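These numbers come from a predicted model, not from an experiment.
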Amino acid sequence: MSVPITVQETVSEVIALVPPRIWLALFIVIFGVIAGYLVEVVNRRLLERAGVPASTEGTAFERTVRGFGLSTVTIIAKLSNYFIVGIAVLTALSVADVQYTELFWGDVATFVPRLFIAIVVLIVGIVVGDKIELYVAERLRGVKLPETGVISTVAKYSVVYVAALIALDQIGVATLALIVLLAAYAFALVVLTALATKDLLAAAAAGVFLLLRHPYGIGDEVKVADRRGIVQEVDLFVTHIETDGEEHVLPNHIVFREGIVRIRD
């Protein structure tokens, strides 16, 4: 007569057939998932207490990720979670002695942390670039010339470009290539900025001369080209002239080039 095999005995036999290294690998994966979740929660709270949500509010990057139901804090926190889980999975594969794992384990173990740092650096660079763009635009808001918009954009992408170079360096891109790219970007930046802001620079140079020589002042009635009115304000870049209820904002290089006539009663 055969003895019936219980479910417990069947489970015990199945467990006995599984090598101990497989159980250890499974434990490592479970531990990695739990540790990754805890790290995500802790990082999110630390970033929130550090004021990161308030500092990223209003930036283009924050508005973009909000459209996907995320935030800058959430992305960085989740990246730390994925980093821990990824390391745990790779460790588990190595412990389980999966074929070919040892061939690339050393390279992957050093590449994954670098990739994590590179992504974080790039995100921080984009956010900082957005903040600098907003700051520069706010500071130049009183300068009513179209060229001023170029300055804030150049400031933003300069920060993003440097962050991208640092990120590429983290994942092993040749340093010499990065230096060449940085030099090329700096040269292009100087040339393009000079071309885009030539009128702004000319207005500033003329403004320095006008502010130093004071050929006219606030309250003087003047005529510049075909515009005649009362000077309301003179700053580094523009001169404000009011006439018949209209305010004309003239770039200083136009005033300097066309000449100005002071009208005396």
Side-chain angles (χ1 to χ4, degrees), residues 51 54-64 66 124-165 181-265:
S55 62
T56 58
E57 188 68 30
T59 60
F61 181 80
E62 182 71 13
R63 292 195 301 269
T64 301
R66 288 284 184 184
V124 171
I126 294 174
V127 172
V128 172
D130 288 340
K131 294 296 290 185
I132 289 179
E133 181 183 26
L134 294 174
Y135 176 78
V136 173
E138 180 67 25
R139 299 293 294 180
L140 297 177
R141 181 170 296 177
V143 181
K144 298 179 180 179
L145 290 176
E147 291 85 355
T148 56
V150 177
I151 298 177
S152 58
T153 302
V154 168
K156 170 187 175 179
Y157 286 105
S158 295
V159 174
V160 174
Y161 189 82
V162 172
L165 291 182
L181 287 174
L182 183 58
Y185 176 79
F187 177 76
L189 183 63
V190 171
V191 174
L192 293 177
T193 301
L195 292 175
T197 62
K198 61 181 186 302
D199 290 340
L200 181 64
L201 296 176
V208 171
F209 173 81
L210 295 175
L211 291 173
L212 290 176
R213 295 299 300 271
H214 294 291
Y216 55 87
I218 296 174
D220 290 343
E221 185 176 2
V222 298
K223 181 179 180 181
V224 180
D226 59 344
R227 297 178 179 85
R228 176 174 175 173
I230 306 298
V231 177
Q232 300 296 320
E233 182 182 352
V234 181
D235 60 29
L236 183 63
F237 297 99
V238 296
T239 295
H240 300 255
I241 298 176
E242 184 177 352
T243 177
D244 297 331
E246 296 180 348
E247 182 180 10
H248 300 280
V249 182
L250 303 176
N252 285 332
H253 69 281
I254 293 179
V255 177
F256 188 80
R257 184 178 65 244
E258 298 291 338
I260 189 165
V261 178
R262 292 179 62 184
I263 300 174
R264 301 182 184 275
D265 294 334

Participant: Give the minimum heavy-atom separation between Val160 and Ile126, together with the two atoms involved.
Facilitator: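 Minimum heavy-atom separation between Val160 and Ile126: CG2-CA, 4.0 Å.
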
Participant: Considering non-hydrogen atoms only, spot the tightest contact between Gly125 and Ala163 and give its length.
Facilitator: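 Nearest pair, atom of Gly125 first, then Ala163: CA-CB, 3.6 Å.
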
Participant: If the condition is side-chain hydrogen bond (donor to acceptor under 3.5 Å, both in side chains), which residues does Arg66 pass it with, not counting sequence neighbours?
Facilitator: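 Listed in chain order: Glu62.
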
Participant: If I take atom NZ from residue Lys156 and atom CG from residue Asp130, how far apart are they, to the nearest 0.5 angstrom?
Facilitator: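 Between Lys156 NZ and Asp130 CG, I get 4.5 Å after rounding to 0.5 Å.
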
Participant: If you compare all heavy atoms of Glu221 against all heavy atoms of Ile230, which two are closest, and at what distance to 0.1 Å?
Facilitator: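 Closest pair (atom of Glu221, atom of Ile230, distance): CB-CD1, 3.6 Å.
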
Participant: My understanding is that only residues two or more places apart in sequence, or in another chain, count here; which of them pass side-chain hydrogen bond (donor to acceptor under 3.5 Å, both in side chains) with Thr243?
Facilitator: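 Not a single residue meets the side-chain hydrogen bond (donor to acceptor under 3.5 Å, both in side chains) criterion with Thr243.
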
Participant: Can you sort out the partners of Tyr135 under side chain to side chain contact (heavy atoms under 4.5 Å, CB included), two or more places apart, ordered by chain and number?
Facilitator: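 So Tyr135 forms a side chain to side chain contact (heavy atoms under 4.5 Å, CB included) with Arg139.
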
Participant: List the residues meeting side chain to side chain contact (heavy atoms under 4.5 Å, CB included) with Glu242, not counting sequence neighbours, and say none if there are none.
Facilitator: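 Listed in chain order: Gln232.
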
Participant: Considering residues at least two apart in sequence or located in another chain, which fulfil the ring pair (Phe, Tyr, Trp, His ring centres under 6.0 Å) criterion with Tyr161?
Facilitator: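 Only Tyr185 meet the ring pair (Phe, Tyr, Trp, His ring centres under 6.0 Å) criterion with Tyr161.
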
